[in-house]
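Beneath this line is the structure, given in structure tokens, with notes to follow.
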Amino acid sequence: MKKNIDVIISKEQIEKRILELAEEISRFYKGRELIMVCILKGAVIFFGELAKNITAAVKMDFMRVSSYGSRGSTSGNIMIVKDLELDIADKDVLIVEDIVDTGLTLKTLIGVLLARRPASLKVCCLLDKPSRHKADILPDFIGFSIEDRFVVGYGLDFDEKYRNLPFIGAVKN
Ligand code: IMP
Ligand code: MG
């Protein structure tokens, strides 16, 4: 374990919660096929762990967006750096995100994907920071609600570091 990181949510807690989420999602999409959309890069570890525990039929696709507000603040203006390869029209689509902070990125992304006329569009996030929301969006499936603290690990980065930590931690100042 890195000594400058405080563990906030352990590997065991995350894995247990992901199993619960996968069960909930499997029940919701039972008998249907869903397209799981991984929002790169932050969701990548969560996405893999979640997908392998879902029992409904799954197709996977990947998208990378970057927000182009000033550094450290989210504007809701997004640029699609890598778009989906699958056609989502008339499909059941589940966006898989690492964290909802202000929610502005997600709100814009939802607008972009809804314009492609999916049969349904839901959002699953590993972490949610409800006290930071600026956009009125509520993810359909939430792993953990956390306080307003900058976290890393399990896909989340600080300056591209720490994504591979198997737990959620906070960088000590
Ligand atoms: P939003 O548009 O403000 O919701 O920004 C969401 C994006 O900001 C996430 O997908 C993350 O990439 C990043 N982000 C927000 N909070 C954190 C954090 O605590 N740690 C790491 N990345 C974060
Ligand atoms: Mg990020």
Side-chain angles (χ1 to χ4, degrees), residues 1-11 13-15 17-18 21-22 25 35-51 60-84 88 93-116 118 121-173:
M1 192 189 303
K2 307 268 193 313
K3 63 179 182 303
N4 59 333
I5 308 272
D6 279 328
V7 178
I8 291 184
I9 310 172
S10 72
K11 177 175 182 285
Q13 283 174 291
I14 299 171
E15 285 171 356
R17 183 69 188 122
I18 291 178
L21 282 175
I25 291 167
I35 297 181
M36 291 179 68
V37 173
C38 176
I39 307 303
L40 298 170
K41 303 173 189 173
V44 72
I45 295 179
F46 175 46
F47 182 82
E49 192 66 24
L50 183 67
M60 296 180 180
D61 209 343
F62 301 84
M63 197 167 182
R64 177 153 168 75
V65 299
S66 73
S67 58
Y68 53 92
S70 55
R71 197 167 182 271
S73 72
T74 315
S75 57
N77 296 320
I78 63 170
M79 203 168 69
I80 298 177
V81 178
K82 186 217 170 295
D83 206 341
L84 298 176
I88 61 167
V93 177
L94 179 66
I95 297 173
V96 181
E97 251 289 31
D98 54 356
I99 187 166
V100 179
D101 186 37
T102 64
L104 292 168
T105 308
L106 196 54
K107 178 148 188 159
T108 309
L109 181 63
I110 287 170
V112 168
L113 295 185
L114 280 178
R116 300 180 189 182
L121 184 63
K122 300 276 178 196
V123 175
C124 176
C125 64
L126 176 61
L127 302 172
D128 185 29
K129 286 185 191 170
S131 67
R132 293 265 305 163
H133 286 194
K134 283 188 193 152
D136 59 339
I137 57 136
L138 185 64
D140 302 277
F141 307 96
I142 298 171
F144 300 91
S145 285
I146 61 169
E147 59 182 81
D148 180 13
R149 199 162 171 198
F150 192 85
V151 290
V152 296
Y154 222 85
L156 290 110
D157 73 305
F158 171 65
D159 214 6
E160 293 297 327
K161 293 192 296 262
Y162 309 118
R163 291 194 195 275
N164 65 322
L165 294 180
F167 55 86
I168 297 289
V171 184
K172 285 182 196 168
N173 298 311

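Remember, it's 1-based here, ligands and their atoms both numbered in the order they're listed. Here the structure is a predicted model, which means the values were calculated and not measured.
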Quick one: which of Arg149, Lys129, Arg132 has a heavy atom closest to atom 16 (N) of ligand 1?
Lys129

Is there a donor-acceptor pair under 3.5 Å between the side chain of Lys82 and the backbone N or O of Phe62?
yes

Any non-hydrogen atom of Val152 lying under 4.0 Å from ligand 1?
no

Donor-acceptor under 3.5 Å (Lys129 side chain, Arg149 main chain):
yes

Are Asp98 and Lys41 close enough for a salt bridge, meaning some N to O gap below 4.0 Å?
no

Ligand 1 contact on Asp157 by region, counting heavy-atom pairs under 4.0 Å:
backbone

Out of all atoms in ligand 1, which are within 4.0 Å of some heavy atom of Thr105? Include the element for each.
1 (P), 2 (O), 5 (O)

Ignoring hydrogens, what is the shortest heavy-atom contact between Gly143 and Arg17? Give both atom names and the distance.
O-NE, 2.8 Å

So the atoms of ligand 1 within less than 4.0 Å of a heavy atom of Thr102 turn out to be 1 (P), 2 (O), 3 (O), 4 (O)

Assess Gly42 for proximity to ligand 1: is some non-hydrogen atom of it under 4.0 Å away?
no

Please identify which atoms of ligand 1 are closer than 4.0 Å to at least one heavy atom of Glu97.
10 (O)

Any nitrogen or oxygen of Phe150 lying under 3.5 Å from a nitrogen or oxygen in ligand 1? Just yes or no.
no

Heavy atoms of Cys124 and Leu50 approach each other most closely as SG-CD2, 3.9 Å

I'd like to know whether CZ of Phe158 has more than 12 heavy-atom contacts from other residues, nucleotides or ligands below 6.0 angstrom.
no

Answer with side chain, backbone, both or neither: which part of Leu156 has a heavy atom less than 4.0 angstrom from an atom of ligand 1?
side chain

Do Val100 and ligand 1 have an N or O pair less than 3.5 Å apart?
no

Closest by any non-hydrogen atom to atom 9 (C) of ligand 1: pick that one out of Ile99, Leu109, Leu40.
Ile99

Correct closest heavy-atom pair for Phe47 and Val37 would be CE1-C, 3.9 Å

Smallest heavy-atom separation, Phe167 atom then Lys11 atom, equals CB-N, 3.9 Å

For Leu104, the ligand 1 atoms with a heavy-atom partner under 4.0 Å come out as 2 (O)

